[in-house]
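Encoded as structure tokens, the structure appears first; notes follow it.
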Amino acid sequence: MKNELNSKYDPKQVERKWYELWEDGGYFHQSPRSDKEPFCIVMPPPNVTGSLHLGHALDNTLQDILIRFRRMQGYNTLWLPGTDHAGIATQARVEEQIAQEGLNKYELGREKFLERVWDWKNEYGNTITRQLRLLGASCDWQRERFTMDDGCSKAVREVFVRLFKKGLIYRGNYIVNWCPKCQTTISDIEVEHKDSKGNLYHIKYPFKDREGFIVVATTRPETMLGDTAVAVHPEDERYKELIGKTVILPILNREIPIIADSYVDPAFGSGAVKITPAHDPNDYEMALRHDLPHVVVINKDAVMTVEAGPYKGMDRYECRKKLVADLAQKDFLLNIQEHEYALGQCYRCDTVIEPLVSPQWFVKMKPLAAPAMEAAHKGDVRFVPERFTKVYLNWLENIRDWCISRQLWWGHRIPVWYCDSCGKEICSMEDPDNCSECGGSLTQDPDVLDTWFSSALWPFSTLGWPEETADLQHFYPTSVLVTGRDIIFFWVARMLFMGIEFQKQVPFYHVFIHGLVLDSLGRKMSKSLGNGVDPIEVIDKYGADTLRFMLVTGNTPGNDLRFHYEKLEGTRNFANKIWNASRFALMNLHDYDPKGELGSLALADQWILVRLQEVINKVTECLDKYELGEAARSIYEFTWNELCDWYIELIKPRLYGKVSEESRKTAQAVLYSTLSRTMQLLHPFMPFITEEIWRHLPGDRGSIMLSDWPRFKEVKDKAPVVKMRLLMEIIKGIRNIRNEMNVPPGKKAEAIIFLKSEEADKAVKDNLEYIEILADAYPIKLVRELAKKPDKAAAVVVYGAEVYVPLEGLIDINVEIKRMEKELATIEKDLNLVKSKLQNEKFLRKAPKEVVEKEQQKQKELYAKYEVLKERMARLIEE
RNA sequence: GGGCGAUUAGCUCAGUUGGUUAGAGUACUUGCUUGACAUGCAAGGGGUCACUGGUUCGAGUCCGGUAUCGCCCACCA
């Protein structure tokens, strides 16, 4: 075996090598023709325009951990990767590119432009998938998909046509969210509401038939040019008699009616609302109820139309300024109040959304939402953590129809044609040649679908639907969806209702939600703040294993986590610790024969094997419950604090052959097996270093990622743990004395250990060398009787034993008294606590027997210590 | 306006059916070139678990309220 391992772990030496071997070896790929139980995750497809950020790194690390865990457990495991065509983002990227050539997309034409986008995608679109490989993602690249590949496009078409025929997709002229910059509609959830400071303008609208005016309040005065009514609450005493009267719209001098509608809140503003059906969603709704005309005063570029009269051609904000000035000058402006309100902005470019009426395509949501909600109610789909169920349900309960058409070129073209002659609307799976009604020529709807429309089909489109593929049958419904909580509405909810509609089954059983990766100050990472951390740089510097482990430790499902370099360094140190422990093991396993006979187990062997089983159990349970942070923590603690700090130290003399050949072989066997299993437990978290170590360990066992997950075997006999605890306490006690009393490191410390029971005596006697090795104590005298307690000695009292370290000349009596005082104080405190519990009748009556017994045992132990300490204190003070 | 989360050691966080003495990492103090590791070893200091009321034999953990911070949702112009 080649053991020339460097004393520092260098991830660069191993990561790429193993990834290539795994991928080339087809280890990530599984056939759907398997008797094994399937376990499948579809990867949330990152945008083709994207490069890996820490959010992706976290999301994919979590998925990879689950996948590697289940794969080792023997599931037929599929992690299906892919990318999203990301309509607006990608199109914008290419528009920028051609702009540098002095072109725009109209000059290029739709067809040519799309060619350019595909070129761009082919050239740059795999950046992120390359980066995912660096992270160690064990997804099946042979099944990699793209939301606009042939299969996904076919699924999109099929879904559209079916929903259309069912009446769940319709076209209508409704008010939508329009982004004047992106020049497209966006859906309700793509509008981000940000609190902003603005004004509430109070404007006088004079009556037509009499003196006076009614005052309306608005935050957007420029829209008044499109007003077609003023509304008041029907019960509002102030305005009751005005209902039905006519007012004159200032500036434009248009006559508009005063109407009554209970939507109006009499307590807000003046209690009278100007109604602009073409530019406000609420007003639009009200116009429907009252059959009011629309006057469009703002166009798609956010520029005032001809209807705006003197303001025609002005930008909407320029118009506002001018109009307010004009109103003031003509005495129509009553006053201006400062007013804070939620301003709708485009999620992509932050431009203020302009609501406008336009013919668009919609998905009728109520019929789809109902079964999706039921699935959560029935538990067919379960959110982890559970609290996100409410977020999901709450959104679906209040859902409105989903606007799916986008005025873009890059995306799935809406499969609807209009007859140029008779106007017939044709929606079909196959592109029609001419009108089925009149034979006239056809024009296809120019719009494309919302990117999320195709993402919504991802769990089944990627498995081959609409074909009834073996993959689909075997892997659908998928096992779990792992994603950030920011995407529950955009994606999770939509996949659920589409999955239920088209597969009659939920797309996944569990939704595992994680939080965001924040910067060290708890802020979101963003380009504008410049506080982003590039995971690829982190991998380059610290290794993928370190990044992965750091991202999952100390984190709980659904909660955000902060990124600290200190934490990264701590994790890097852990990787190095593992590396060196393994290096040590390898140095001592060069002649180890896995098939050799096993001698009798020493106490340390028995102890570490019990602990190993407990850790196997804990880690497996935690992974089952998606408590990845807890799982990682227990491996960390076991590896460092038990395996390295105690076990390896204890077996050194045996490995060096200082005890016996048989003992050496046994230590080798236990070390080998414990280290192997630990590496397996750790593998899902740190795939590279564990593979590297695994391959160096004796025996050719192939790849660790294909090895069998350690199976928990309960060890009934916990006596080794009890015995070890006694020895550890004695050792720690002596170490403490050495430190406090400044015993020079090299100097052996003499110890007298008074054992109070047969068992304790035996445990210590049989393992005396542990104390010698780890506490540097020698000679050690064991006694069963102690008539006279040693003077001029430092003492440590543990349950079952008293340890004395004679320190003639070295001992400072005052230091010793202080030590004793401190010890006594804590024991006294604990003892009082236990006593009061045990004196409490109710406790004795109501608490479970085990708990009472535990307390009694505790009292016994504390009391024994207390007695000895008390007596010793008295004597020390006497002197 | 509603909902959710957080509040535990100087800092960052664990603590998931209520039950040993509330833990870790980091920082800090002291001592160590100990035949894997100074990215290390040993020892140590540091917490009225935000506040408040309740349920319980027993609360960091469950329930009610308050405060501060953060996030999400929302068509009062």
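The figures here come from the full heavy-atom set of this structure, side chains too, leaving out hydrogens, waters and symmetry mates. Labels below follow one simple rule: chain letters A, B, ... track the order of the sequence lines, proteins then strands, and each chain is numbered from 1. Just so it is clear, the structure is predicted and the values come from calculations on it, not from any experiment.
Partners of A/K865 under the side chain to side chain donor-acceptor pair (under 3.5 Å) rule, at least two apart in sequence or in another chain, do not exist in this structure. The side chain to side chain donor-acceptor pair (under 3.5 Å) search around A/K652 returns A/E649, not counting sequence neighbours. Here A/E190 pairs with A/R406 under the salt bridge (Lys or Arg N to Asp or Glu O under 4.0 Å) rule; sequence neighbours left out. Judged as a side chain to side chain donor-acceptor pair (under 3.5 Å), and not counting sequence neighbours, the contacts of A/R633 are A/E630, A/E637.
A tilted orientation is assigned to the rings of A/Y542 and A/Y565, their planes being inclined by 30° to 60°.
Heavy-atom distances under 4.0 Å link RNA chain B to A/R387, A/K390 of residues 382-396 of chain A, given in residue order. A heavy-atom distance below 4.0 Å to RNA chain B is reached by these residues of residues 620-629 of chain A, ordered by number: A/E627.
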Please tabulate the protein-to-nucleotide N/O contacts below 3.5 Å involving nucleotides 9-12 of chain B, giving atom names and distances.
none

Output a table of nitrogen or oxygen pairs between the protein and nucleotides 38-48 of chain B separated by less than 3.5 Å.
| from | atom 1 | to | atom 2 | distance (Å) |
| --- | --- | --- | --- | --- |
| B/U39 | O4' | A/N573 | OD1 | 2.9 |
| B/U39 | O2' | A/N576 | ND2 | 2.9 |
| B/U39 | O2 | A/R572 | NE | 3.3 |
| B/G40 | OP1 | A/N573 | ND2 | 3.1 |
| B/G40 | O3' | A/K577 | NZ | 3.1 |
| B/C41 | OP1 | A/K577 | NZ | 2.8 |
| B/C41 | OP1 | A/W640 | NE1 | 2.6 |
| B/A42 | O3' | A/R735 | NH1 | 3.4 |
| B/A42 | O2' | A/N739 | ND2 | 3.4 |
| B/A43 | O4' | A/N739 | ND2 | 3.2 |
| B/A43 | O3' | A/N736 | ND2 | 3.2 |
| B/G44 | OP1 | A/N736 | ND2 | 3.0 |
| B/G45 | OP1 | A/K822 | NZ | 2.5 |

What are the atom names and distances for every N/O pair under 3.5 Å that joins the protein to nucleotides 58-65 of chain B?
none

What pairs of donor and acceptor atoms, side-chain ones from residues 334-345 of chain A against any protein atom, are under 3.5 angstrom apart with sequence neighbours left out?
| from | atom 1 | to | atom 2 | distance (Å) |
| --- | --- | --- | --- | --- |
| A/Q337 | OE1 | A/H202 | NE2 | 3.4 |
| A/Q345 | NE2 | A/D350 | O | 3.0 |

List the atom pairs, donor and acceptor, that lie under 3.5 Å between side-chain atoms in residues 823-830 of chain A and the rest of the protein, sequence neighbours left out.
| from | atom 1 | to | atom 2 | distance (Å) |
| --- | --- | --- | --- | --- |
| A/T826 | OG1 | A/K822 | O | 3.4 |
| A/T826 | OG1 | A/E823 | O | 2.8 |
| A/E828 | OE2 | A/Y866 | OH | 3.2 |

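Stems are defined here as 3 or more consecutive Watson-Crick or G-U wobble pairs with pairing distances under 3.5 Å; those involving RNA chain B are B:1-7 with B:67-73, B:10-13 with B:23-26, B:28-32 with B:40-44, B:50-54 with B:62-66.
The residue A/N559 sits close only to the backbone: its heavy atoms come under 4.0 Å of sugar-phosphate atoms, none of a base.
Put simply, the side chain of A/K849 and the base of B/G19 share no donor and acceptor less than 3.5 Å apart.
Rounded to whole angstrom, the span from the CD atom of A/E637 across to the P atom of B/G15 amounts to 13 Å.
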